[in-house]
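Taking it in order: structure first as structure tokens, then the write-up.
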Amino acid sequence: MVKHSFALLLLLAWTAPVMSQSAPERPRAREAGVVVGILPVGPHNAITDVPGVRVGQVTITEGDSVRTGVTAILPHGGNPFLERVPAALHVGNGFGKLLGVTQLRELGELETPILLTCTLCVWKAADAMVDWLLHQPGMENVRSINPVVGETNDGTLNDIRARPIRPEHVVRALESATGGPVEEGSVGAGAGTVAFGWKGGIGTSSRRLPDALGGYTVGVLVQSNYGGVLTINGAPVGRELGRFAFQRELERVTGVEARGGAAAEPRRTADGGRPPLDRDAAGFTADGSIMIVVATDAPLDSRNLERLAARAIVGLARTGSSMTNGSGDYVIAFSTAESVRRAPGEAPRAITDLPNDAMSPLFQAVAEATEEAIYNSLFRATTVQGHRATVEALPLEPTLEILRRYGVLNWDTTLPPRRPAPKG
């Protein structure tokens, strides 16, 4: 750990001016009246509501072309290699570079924190995390580590070929991880992402089950960088705002048909090829990716964690995603419950986990938390000017006006189960 200290001090000094620049505060979805689902949220409405889970983030802004970062999710306060947690993976669409998945699936456990970053930075981030872990107490004889690193491609706003992630960025994300509120929007691994043609980013949410349904907490964190037809609480926001997948081709065809003619051939690129057919009015495609990390304190084995991870896709679908060909849509789920943790070695262990019949409330919780986490990533994101474009933040006032017209705001006070409106 000593070898990292000087580099970390330099990084803190170098990034402080960048990190202190803050855009005007934008509300979270729930603060704006977008109340998702029927279950109550945790104290922070964040993945950190799951006891022990911590999140650390570093945002990297360099010149006019680097807009990226690192987000680290730590499952508990100890060493995850020596005190492993059961984990599972669900793949919605596998166009991605998620690292560490074969061993995760084979053994059903997580032995490192989870890192999120940009596509071409995956291997640099993994190398830095392995080096950091090898220098932790008790790791002197370790000769194998399976780092889990997820990614989305932020190449529109970020000079991704520069691969700007450095070891000190990863170390800072890991060592600054805390519980409590989680910064959202254009931060960390979400600094350069785009969702539905608007600025995407980091978002999080949680659900806390009533005691009668188990009393467990499910928390979700997302890195949103995908497209489709933006839908919020069932309202067709993307269509109302005039920005949705396949828009250019659909409007070209319907415009010609309305005039009584035949549809022309699609435009060609300079080399004679066809441009992507899923572009919206602003030129963004529905391809991209989303990383979804699910944590729970429910004592689940890896099999039921895989079932839980699969239900996160329900929340993703509700936002308008169709998981296009070029989108990497991944869910990693883990349990922090001490009764299911694992230590290296051959000693037998006793496990207490939930039966299948207790899973349905958790399925409801993860679907709701995933949906709301994605909305938070959009509501909290700010406009970013970067490498190849300026990507605007989702326009809140027009969005809220659409939601009012469709009657989908403040459902917690207008529909059962009603809850008291927040004070103040």
Side-chain angles (χ1 to χ4, degrees), residues 47 50-54 72-94 96 98-116 126 129 133 144-150 206-207 209 214-222 290-316 328-367 369-370:
I47 193 171
V50 177
V53 175
R54 296 173 293 147
I73 302 98
L74 284 68
H76 54 69
N79 184 325
F81 186 88
L82 301 177
E83 197 174 354
R84 301 172 188 181
V85 296
L89 171 72
H90 178 80
V91 180
N93 192 67
L98 176 58
L99 192 66
V101 295
T102 56
Q103 181 173 314
L104 187 153
R105 278 185 153 171
E106 180 70 19
L107 302 184
E109 64 188 26
L110 190 66
E111 62 182 40
T112 72
I114 298 169
L115 295 182
L116 306 178
M129 179 164 63
L133 281 167
S144 173
I145 296 178
N146 182 52
V148 174
V149 183
S206 70
R207 293 295 183 274
L209 297 178
Y216 301 110
T217 298
V218 175
V220 173
L221 183 143
V222 303
I290 183 168
M291 286 297 310
I292 303 172
V293 179
V294 178
T296 184
D297 59 353
L300 304 181
D301 62 10
S302 57
R303 182 184 61 82
N304 267 330
L305 283 167
E306 185 172 1
R307 299 178 70 207
L308 185 69
R311 271 60 176 193
I313 298 297
V314 174
L316 173 64
D329 307 303
Y330 297 96
V331 188
I332 300 173
F334 62 87
S335 170
T336 65
E338 293 192 15
S339 66
V340 292
R341 291 187 191 177
R342 307 169 179 182
E346 300 177 359
R349 52 195 172 86
I351 293 177
T352 302
D353 60 358
L354 287 185
N356 295 328
D357 288 346
M359 292 299 298
S360 291
L362 296 168
F363 293 162
Q364 179 73 26
V366 75
T370 301

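Only this structure's heavy atoms are used, side chains among them; waters, hydrogens and symmetry mates stay out.
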Query raised in the report: For Met291 and Val331, what are the C-alpha separation, side-chain angles and deciding distance, and is it a side-chain contact (heavy atoms from CB on, under 4.5 Å)?
Result: CA-CA 6 Å; Met291 286 297 310; Val331 188; over 6 Å; no
Report task. Before giving the answer on side-chain contact (heavy atoms from CB on, under 4.5 Å), spell out for Val314 and Val366 the whole-Å C-alpha distance, their side-chain angles and the decisive distance to 0.1 Å. Result -> CA-CA 9 Å; Val314 174; Val366 75; over 6 Å; no
Requested in this report: Any chance you could lay out the side-chain contact (heavy atoms from CB on, under 4.5 Å) test for Leu316 and Ile290, step after step, and finish with the verdict?
Outcome: CA-CA 9 Å; Leu316 173 64; Ile290 183 168; 4.0 Å; yes
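Residues forming a side chain to side chain donor-acceptor pair (under 3.5 Å) with Asp329 (at least two apart in sequence, or on another chain): Ser327. Residues satisfying the side-chain contact (heavy atoms from CB on, under 4.5 Å) criterion with Val85, sequence neighbours excluded, are Pro75, His76, Leu110, Phe334, Arg341. Take Arg303 and apply the side chain to side chain donor-acceptor pair (under 3.5 Å) test, not counting sequence neighbours, and it matches Asn356. For the side chain to side chain donor-acceptor pair (under 3.5 Å) test, no residue two or more places apart in sequence or in another chain qualifies with Thr370. With sequence neighbours left out, the salt bridge (charged side-chain N to carboxylate O under 4.0 Å, His left out) criterion links Arg54 to no other residue. With sequence neighbours left out, Arg342 forms a salt bridge (charged side-chain N to carboxylate O under 4.0 Å, His left out) with Glu109. Scored by the side chain to side chain donor-acceptor pair (under 3.5 Å) test, Thr112 finds no partners at all (sequence neighbours excluded). Shown here are the side-chain contact (heavy atoms from CB on, under 4.5 Å) partners of Ala298, two or more places apart in sequence or in another chain: Tyr216, Thr296, Leu300, Leu354, Leu362. For Glu338, there are no salt bridge (charged side-chain N to carboxylate O under 4.0 Å, His left out) partners two or more places apart in sequence or in a different chain. Qualifying side-chain contact (heavy atoms from CB on, under 4.5 Å) partners for Gln364, counting only residues two or more places apart in sequence or in other chains: Ile38, Leu39, Glu368. In this structure Pro113 satisfies the side-chain contact (heavy atoms from CB on, under 4.5 Å) test together with Leu74, Pro80, Met129, Trp132, Leu133, Leu174, sequence neighbours excluded.
Taking 4.5 Å as the limit, some side-chain heavy atom of Leu98 sits within range of a side-chain heavy atom of Leu89. Looking at heavy atoms from C-beta onward, Ile351 lies out of side-chain contact with Asp301 at the 4.5 angstrom threshold. You'll find the side chain of Leu209 stays beyond 4.5 Å of the side chain of Thr217, heavy atoms only. Using a 4.5 Å heavy-atom threshold, the side chains of Met359 and Asn304 count as touching. With contacts defined as side-chain heavy-atom distances shorter than 4.5 Å, the pair Val294/His90 does not qualify. Taking the side chain as every heavy atom from C-beta outward, Thr352 and Pro299 never approach each other to under 4.5 Å. The shortest side-chain heavy-atom distance between Asp297 and Val53 does not fall under the 4.5 Å cut-off. With contacts defined as side-chain heavy-atom distances shorter than 4.5 Å, the pair Ile332/Val148 qualifies.
Closest heavy-atom contact between Glu111 and Ser144: OE2-O, 4.1 Å. Considering every non-hydrogen atom in both Pro344 and Arg84, the closest pair reads CG-NH2, 3.6 Å. Contact record, Pro51 with Thr336: O-OG1, 3.7 Å, taken as the closest heavy-atom pair.
At distances below 3.5 Å, not a single donor-acceptor pair connects side-chain atoms of Arg311 with backbone N or O atoms of Leu308. Using a distance-only test at 3.5 Å, with no hydrogens or angles considered, a donor-acceptor pair links the side chain of Tyr330 to the main chain of Gly94.
Distance check, rounded to the nearest 0.5 Å: CD of Gln103 to CD1 of Ile145 gives 10.5 Å. Residue Asn146 holds its CG atom at 7.5 Å from CG of Leu99, rounded to the nearest 0.5 Å. Taking CG from Leu305 and CZ from Arg307, the interatomic distance works out to 11.0 Å, rounded to the nearest 0.5 Å.
Sorted by first and then second residue, the salt bridge (charged side-chain N to carboxylate O under 4.0 Å, His left out) pairs with a member in residues 349-367 form an empty list; sequence neighbours excluded.
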